[in-house]
Student: 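Here it is, the structure in full.
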Amino acid sequence: LRNAADQGLLKQPDVLLDHAERLLDSPECDLFVASFLDHWLDLRKSNAAAPDPLLYADYYLDDLLNESGVEESRAYFKELIEQDLPAKYIVDSDFVMINEKLSEHYGLPPVEGVQMRKVKLPDDCVRGGFLTQSSVLKVTANGISTSPIIRGAWIMDRILGQPPLPPPPAVPAVEPDIRGATTIREQLEKHRNTETCAVCHNDIDPPGFALECFDVMGGWRDRYRATATPETAEQTIGHGGQRVLHKFALPVETHGQLSDGRSFADIREFKNLLLDDQRQLARNLVQQLSIYATGAPVRMSDDEEIEAILDRSTHSNFGIRTLIRELIVSDLFRKK
């Protein structure tokens, strides 16, 4: 690559593409995948918050689960690149890349070993795509509780490319009630009575509600966990032998209504709503790739070039590898 650059050959789009294809097919692609997902999906934060040893004793000290979650996301994105799968696979798919630990965690038919492999999902399964992966659901939680605000803002920013405005100054944060007396939805309803808060929360909260069926490590749940006394706690032992000190409290509600009026009942219906605009999913990915590749923000002056990349990628339904190829030969990459 350096020799080609020294000879000025990288100014030729076909030479540039040949090197891009060579690198995408090489073992070095794993380094790109890991680094890019650290940037795009915040996977670099996967060790930032450990599951609470009282509320989530079944996850506490389970390093294999945490590591497997990150490897799943990397293996999945690598598969999207290798097969040039459409951008819609960012949100949903009929397969996952899992190992024995994740098959158990997701309640899927068992597989053996720690190696990631491609597994077809049962019909109507909630898994598939990045939104329901353990790694993503972990980095959008704090180890103790989940927040529709944090997860909703993450979806808007990282998946839709529509980052919400920062909260107004002096507005107190909404903290989930780990005692189990009220749900986060009930607390947010009170919070949204303030007009200045409602403007943004009408956009942020609904996507976050869709993910409330997943706990701090991406496990499925029907009810929230709450702190308990030894007398009222679940009579089980968690990972590593710790006594479980939680009880099951109020039921989880996953329904919501987007700011454009479209409603959903659960994560399945929410995914379908996101898939209505696959070009936006692809547009955001191109923007994220451009930021990663150039180190420069995407500005309004880049919109025309981005739309041209998308236009040239429609034949592949915005295939991930196609988007990377088209970005590499664009002025957005070559001249920024």
Side-chain angles (χ1 to χ4, degrees), residues 1-46 70-90 97 116 118 130 135-136 139 157-163 278-336:
L1 185 64
R2 289 186 179 276
N3 289 336
D6 291 340
Q7 298 173 50
L9 297 177
L10 294 184
K11 296 178 182 178
Q12 304 174 22
D14 57 337
V15 175
L16 194 60
L17 277 180
D18 285 344
H19 280 287
E21 294 285 6
R22 176 181 61 80
L23 289 168
L24 287 175
D25 291 333
S26 73
E28 282 77 12
C29 184
D30 291 343
L31 300 176
F32 156 66
V33 168
S35 182
F36 176 62
L37 294 189
D38 278 354
H39 157 79
W40 174 33
L41 303 181
D42 289 330
L43 296 194
R44 65 190 183 280
K45 301 177 183 178
S46 61
V70 173
E71 287 303 316
E72 174 193 11
S73 298
R74 293 173 178 172
Y76 183 73
F77 193 63
K78 185 75 175 294
E79 181 73 4
L80 300 190
I81 294 175
E82 290 180 348
Q83 302 302 321
D84 197 23
L85 294 175
K88 68 179 183 179
Y89 280 76
I90 292 171
M97 306 293 291
M116 295 293 159
K118 188 175 182 177
F130 284 113
S135 62
V136 167
V139 299
D157 183 17
R158 301 311 168 104
I159 303 300
L160 297 178
Q162 299 167 349
Q278 296 178 33
R279 188 180 179 98
Q280 180 59 31
L281 299 176
R283 181 181 292 112
N284 173 63
L285 181 60
V286 171
Q287 292 173 338
Q288 297 288 350
L289 286 165
S290 175
I291 293 169
Y292 174 82
T294 66
V298 174
R299 305 188 186 280
M300 289 183 62
S301 57
D302 301 318
D303 289 350
E304 183 176 347
E305 188 67 38
I306 289 175
E307 295 308 312
I309 292 171
L310 296 177
D311 289 341
R312 296 195 300 268
S313 304
T314 54
H315 69 280
S316 66
N317 293 318
F318 309 116
I320 304 301
R321 193 183 187 103
T322 298
L323 292 172
I324 294 173
R325 286 167 50 91
E326 294 297 340
L327 172 64
I328 286 171
V329 296
S330 72
D331 288 348
L332 192 62
F333 175 77
R334 297 169 65 195
K335 297 182 179 180
K336 195 159 187 177

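In this text, all values refer to a predicted model and were calculated from it rather than measured experimentally. Quick note: residue numbers are just sequence positions, from 1.
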Student: Could you pull out all residues at least two apart from Asp18 that satisfy salt bridge (charged side-chain N to carboxylate O under 4.0 Å, His left out)?
Tutor: none
Student: side-chain contact (heavy atoms from CB on, under 4.5 Å) for Leu310 and Leu323? Distances and angles first, verdict last.
Tutor: CA-CA 7 Å; Leu310 296 177; Leu323 292 172; 4.1 Å; yes
Student: Other residues, nucleotides and ligands only: do more than 12 of their heavy atoms fall within 6.0 Å of NZ on Lys118?
Tutor: yes
Student: Quick one: OG on Ser316 to CZ on Arg325, what's the gap to the nearest 0.5 Å?
Tutor: 10.0 Å
Student: If you compare all heavy atoms of Asp157 against all heavy atoms of Asn284, which two are closest, and at what distance to 0.1 Å?
Tutor: O-OD1, 3.6 Å
Student: Between His39 and Tyr292, what is the ring plane arrangement, given parallel below 30°, perpendicular above 60°, and tilted in between?
Tutor: tilted
Student: Considering all heavy atoms of both residues, which atom of Asp42 and which atom of Val139 are nearest to each other, and what is their separation?
Tutor: O-CG1, 3.6 Å
Student: Nearest 0.5 Å, what's the CZ-CD1 distance between Arg158 and Ile90?
Tutor: 13.5 Å
Student: Roughly how far apart are Glu305 CD and Asp331 CG, rounded to 0.5 Å?
Tutor: 5.0 Å
Student: Name all residues meeting the salt bridge (charged side-chain N to carboxylate O under 4.0 Å, His left out) criterion together with Asp30; count only those two or more places apart in sequence or in a different chain, and write none if there are none.
Tutor: Lys78
Student: Are side-chain N/O atoms of Ser46 and Ser135 paired as donor and acceptor at under 3.5 Å?
Tutor: no
Student: If I compare all heavy atoms of Lys336 with all of Val298, which pair ends up nearest, and what's the gap?
Tutor: NZ-CA, 3.8 Å
Student: Can you name the residues that form a ring pair (Phe, Tyr, Trp, His ring centres under 6.0 Å) with Phe333, not counting sequence neighbours?
Tutor: none
Student: Could you tell me whether Glu82 and Arg321 have a side-chain N and a carboxylate O separated by less than 4.0 Å?
Tutor: no
Student: With side chain to side chain donor-acceptor pair (under 3.5 Å) as the test, pick out the partner of Arg283 among Glu307, Gln288, Gln278.
Tutor: Glu307
Student: Of all the heavy-atom pairs spanning Ile328 and Arg334, show the shortest one and how long it is.
Tutor: O-CG, 3.4 Å
Student: Locate the shortest heavy-atom distance separating Ile309 from Glu326; write the atom from each residue and the value.
Tutor: CG2-CB, 3.7 Å
Student: Establish, yes or no, whether a centroid distance under 6.0 Å links the rings of Phe36 and Phe77.
Tutor: yes
Student: For residues Met97 and Met116, report the shortest heavy-atom separation together with the two atoms involved.
Tutor: O-SD, 3.6 Å
Student: Give the intermediate values and the outcome of side-chain contact (heavy atoms from CB on, under 4.5 Å) for residues Leu23 and Cys29.
Tutor: CA-CA 6 Å; Leu23 289 168; Cys29 184; over 6 Å; no
